[in-house]
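Scroll down for the structure; my scribbles are underneath it.
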Amino acid sequence: MHRWSQLFIPTLREAPADAEVASHKLLVRAGYIRQLGAGIYSFLFMGNRSTQKIMAIVRQEMDKIGQEFYLPALNPREIWEASGRWKVMGENMFRLKDRKGADLCLGMTHEEVMTDIARKELRSYKQLPQIWYQIQTKFRDEPRPKSGLLRVRQFIMKDAYSFDIDAAGLDVSYQKHYETYCRIFDRCGLRYMVIDAHSGAMGGSQSQEFMVRTPAGEDQVVSCGKCTYAANMEKAASKLPAVEDLKPEGNGQLGIAGPIEVHTPGQKTIEDVARFLGVSPVHTIKTLAMMSTAENKAGDKDDKGDKDNKKAAGIRAQAIVLLLRGDHQMNEAKLSTALAGKDTRPMQEDEIRDLFQSPAGYLGPLGIDWAKDMNDSAKPILLVDQALAGRTNLIGGANKDEYHVKHLTPGKNFHPTAYADLRSVTAGEECPNCGAPLRIDTAVEIGHIFKLGYKYSESMGARVLDHNGKEIAPIMGSYGIGIERILTAAVEQSNDENGFWLSPSIAPFEVVVVSTNSKDEAIRNASEDIVRKLEAAGFDVLLDDRDERPGVKFKDADLVGIPFRINVGKKVTEDTVEVVQRSTLHKEDVKISAITEHFQGLRPASR
RNA sequence: CGGGACGUAGCGCAGCCUGGUAGCGCACUUGCUUGGGGUGCAAGGGGUCGCGAGUUCAAAUCUCGCCGUCCCGACCA
């Protein structure tokens, strides 16, 4: 029997001043966690019970589709060199040396170790498909740990990897994970959404994230209120209302006029220029100048050391000019996708002047010899956002101080290297599927499924023989769930000023029995009797037998996340206790003799 | 890594400007009291004032350096 009086559940009336978000404050106040350092937390009794239950659910569901492994957190440098990520991970990876001076790191994720096993062991298509998973501690040296358990440097992750002979097989493995993840999050009692995610340029053909809406989240999620469309900001699309182009000016001639320079003294921002010329920003072009930085994030399989990379950098750095509609915002992830994973940085003013002979605020597309296609690395690339395709008579920079140009028409007056989706969606724009207005929310990512493709199997040399005896690389998927984030998200979405409530499936206890007066023998006996009965029926029950005033116990019971409370008071003489549902605070009298049946009735059918 | 704030008892804070015996609330201990929403009374225990230098007769307080934590930004397969 779990007696509160004997347990360590250090509840706090006030949250530490450090805590900002609800889940952080409440998990500390409820005695679930304590902070050890920035982004490093200890789980105490209650917190550990909850995460253990979450892991049990994850295991049960994952065991239906895969096999559990347990891989080392301590990894030798070599396998990370093999995949090219020793370098790519940069400062985000914890690194250390052993006594012999050999480089080691703490795993941030386990594609390398899993693929290493695969390359050593898998030989034939007959061994495929495989789904391997583990529940493991990950380490990431976050530049800025924050928001309590939301962004930490050490955390538990369930990570799974699939190996298939072909893309069709990967589709099946991916779908299995999708369904499994839905079951896991459903069982954890979360309200979540599944969104299309940015899959990067690394051959990742599909990627979805499981998100929980909360103001504490760090991701921006675009979703449709009417249909099921939902996507990460980095991927989201929208329909734009048609824009009526400006009429060409001049002697009444039809069609499109040629570019005309206009004097725009002191007008630097889009808003200034639009106002000055008496037009809406939708008729203007926003010009952004970027410089590609050397490394190809997705690529570099062969990490030959600093010198070679720097040399390559010198060759590959390239100017990239972006054109967007004046009122649109550039999205870096989309830009990266358009550039096949290349990193970019904004150009310096003097670079713009040197390259384009234009002052920084007045850059425009005219008179520059743009690259013909994306592979033309000798000339600057002109990337034009799709929203400008088909538009006419736009206003843009004249490459000349205090001058803009009217009557710019893409494809006519200048020739883009390519069109691409480069802009961020904003709230209220139309859903690409159904046209209803889109909303944007912040959310926290609790799971991610990802079609990896061949990146790791190829770079690390995993090969199997196919039906024809031909050697091929297996195609992989990777699938993650943040264990603590399930807890955190659950707290974020179910709390009030007095505390939080978890689903019975992941709460440290399903019921707390409050003995309202521990000096009263009848009450005390009845309380223990109820606990015994419920435990016999398989419930996790906490008995609050502390010698405290009822008010103190009620406050604590409300705080600590337990979904049901039984108040044992004077009515025991009438065989009656009060059952309180924490989420609704709904109270009802229940006969002690029928207490087990009462709770069995509340249980989900499948168990 | 850039910008900002903070560091005094387990938690929340005052004291610092104007240098001189370290304080409040909660929590904790003991006794009494109370017993359905953090009961009341009384008596107690607990602090290297983040660390290190410096100035001074004297430093929580002034100066410098370091460390730590939080927030904004950058970053976030």
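Proteins come first, then strands; the chains are lettered A, B, ... in the order of their sequence lines, and each starts at number 1.
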Partner of B:rC6 under the Watson-Crick or G-U wobble criteria, both distances under 3.5 Å, comes out as B:rG68

Exercise for review: Decide yes or no on salt bridge (Lys or Arg N to Asp or Glu O under 4.0 Å) for A:R546 and A:D556, but give the supporting numbers first.
Suggested key: CA-CA 11 Å; A:R546 294 175 298 168; A:D556 272 344; 3.0 Å; yes

Whole-Å distance, A:W86 CH2 to B:rA77 P, equals 19 Å

Exactly one of A:F8, A:F500, A:F43, A:Y41 clears ring pair (Phe, Tyr, Trp, His ring centres under 6.0 Å) with A:Y32, and that residue is A:F500

Do the ring planes of A:F94 and A:F139 sit parallel (below 30°), tilted (30 to 60°) or perpendicular (above 60°)?
perpendicular

Picking from B:rA77, B:rG37, B:rC76, the nucleotide nearest the side-chain atoms of A:N92 would be B:rC76

What about A:Y161 and A:Y133, are their ring centers closer than 6.0 Å? no

request  = Indicate yes or no: does A:R582 engage A:D496 in a salt bridge with an N to O separation below 4.0 Å.
outcome  = yes

Answer for the Watson-Crick or wobble partner of B:rC16, both distances under 3.5 Å, is none

From CG of A:L12 across to P of B:rG25 the rounded distance in Å is 18 Å

(Q) Mind checking if A:P143 touches a base, just sugar-phosphate, or nothing, with heavy atoms under 4.0 Å? (A) base

From CZ of A:R151 across to C1' of B:rC72 the rounded distance in Å is 13 Å

Using the C1' atom on both, measure B:rG46 against B:rA22 and round to a whole Å. 13 Å

From the candidates B:rG38, B:rG36, B:rC13, the one with an atom nearest any side-chain atom of A:A17 is B:rC13

Phosphate OP1/OP2 of B:rG36 contacted by A:K553 side-chain N/O (<4.0 Å) | no

Nearest-Å distance once atom C1' is located in both B:rC41 and B:rA5:
41 Å

message: Measuring only the P atom in each nucleotide, how far is B:rC66 from B:rA27? A whole number of Å is fine.
response: 41 Å

Original post:
Which whole number of Å gives the distance between the P atom of B:rC49 and that of B:rG7?
Top reply: 14 Å

Regarding the side chain of A:K519, the nearest nucleotide among B:rU34, B:rA77, B:rG12 is B:rU34

Picking from B:rA77, B:rG37, B:rG36, the nucleotide nearest the side-chain atoms of A:R565 would be B:rG37

For a quick check of understanding: with a heavy-atom distance under 4.0 Å over all strands, which category does A:D141 fall into, base, sugar-phosphate or nothing?
nothing

Margin query: Between A:E14 and A:K25, does any side-chain N to carboxylate O distance fall below 4.0 Å?
Written below: no

| query | Touch check for A:R34, heavy atoms < 4.0 angstrom, all strands: base, sugar-phosphate only, or nothing? | reply | nothing

| Can a donor-acceptor pair under 3.5 Å be found between the side-chain atoms of A:D558 and the base atoms of B:rG38? | no

Out of B:rA77, B:rC11, B:rG35, minimum distance to the side chain of A:N517 belongs to B:rG35

### Query
Side chain of A:E548, base of B:rG38: donor and acceptor closer than 3.5 Å?
no

pair_partner(B:rU29), Watson-Crick or wobble, both distances < 3.5 Å, evaluates to B:rA43

- What nucleic acid atoms does A:E332 come within less than 4.0 Å of, heavy atoms only: base, sugar-phosphate, or nothing? sugar-phosphate

Does B:rU34 have its OP1 or OP2 closer than 4.0 Å to a side-chain nitrogen or oxygen of A:R549?
no

Picking from B:rC11, B:rG38, B:rG37, the nucleotide nearest the side-chain atoms of A:E14 would be B:rC11

**Asked** Is any side-chain N or O of A:R144 closer than 4.0 Å to OP1 or OP2 of B:rA74?
**Response** no

From CG of A:D544 across to P of B:rG37 the rounded distance in Å is 15 Å

**OP:** For nucleotides B:rC24 and B:rG15, find the distance between their C1' atoms and express it as a whole number of Å.
**Re:** 10 Å

To the nearest angstrom, the CG-P distance between A:D547 and B:rG31 comes to 12 Å

The Watson-Crick or G-U wobble partner of B:rC1, with both key distances under 3.5 Å, is B:rG73

| said: Suppose you measure atom C1' in B:rC51 against the same atom in B:rG68; what distance do you get, rounded to whole Å? | reply: 10 Å

Check your understanding: Any cation-pi pair here, A:R95 with A:W80, using under 6.0 Å and within 45°?
Key -> no

Out of B:rA77, B:rU39, B:rC11, minimum distance to the side chain of A:V552 belongs to B:rU39

* Asked: Can you check whether A:R85 has a side-chain N or O nearer than 4.0 Å to OP1 or OP2 of B:rA77?
  -> no

Taking only the P atom of each, what is the distance from B:rG38 to B:rC26 in whole angstrom?
14 Å

>> What I want to check is whether an N or O donor and acceptor connect the side chain of A:R29 with the base of B:rG10 at under 3.5 Å.
In response: no

* Check every strand shown and say whether A:A15 touches a base, only sugar-phosphate, or nothing at a heavy-atom separation below 4.0 Å. => sugar-phosphate

### Message
At 4.0 Å (heavy atoms only), tell me whether A:S147 reaches a base, stays on the sugar-phosphate, or touches nothing.
### Response
sugar-phosphate

Per atom distances to the A:D556 side chain, the nearest of B:rG38, B:rU34, B:rA77 is B:rG38

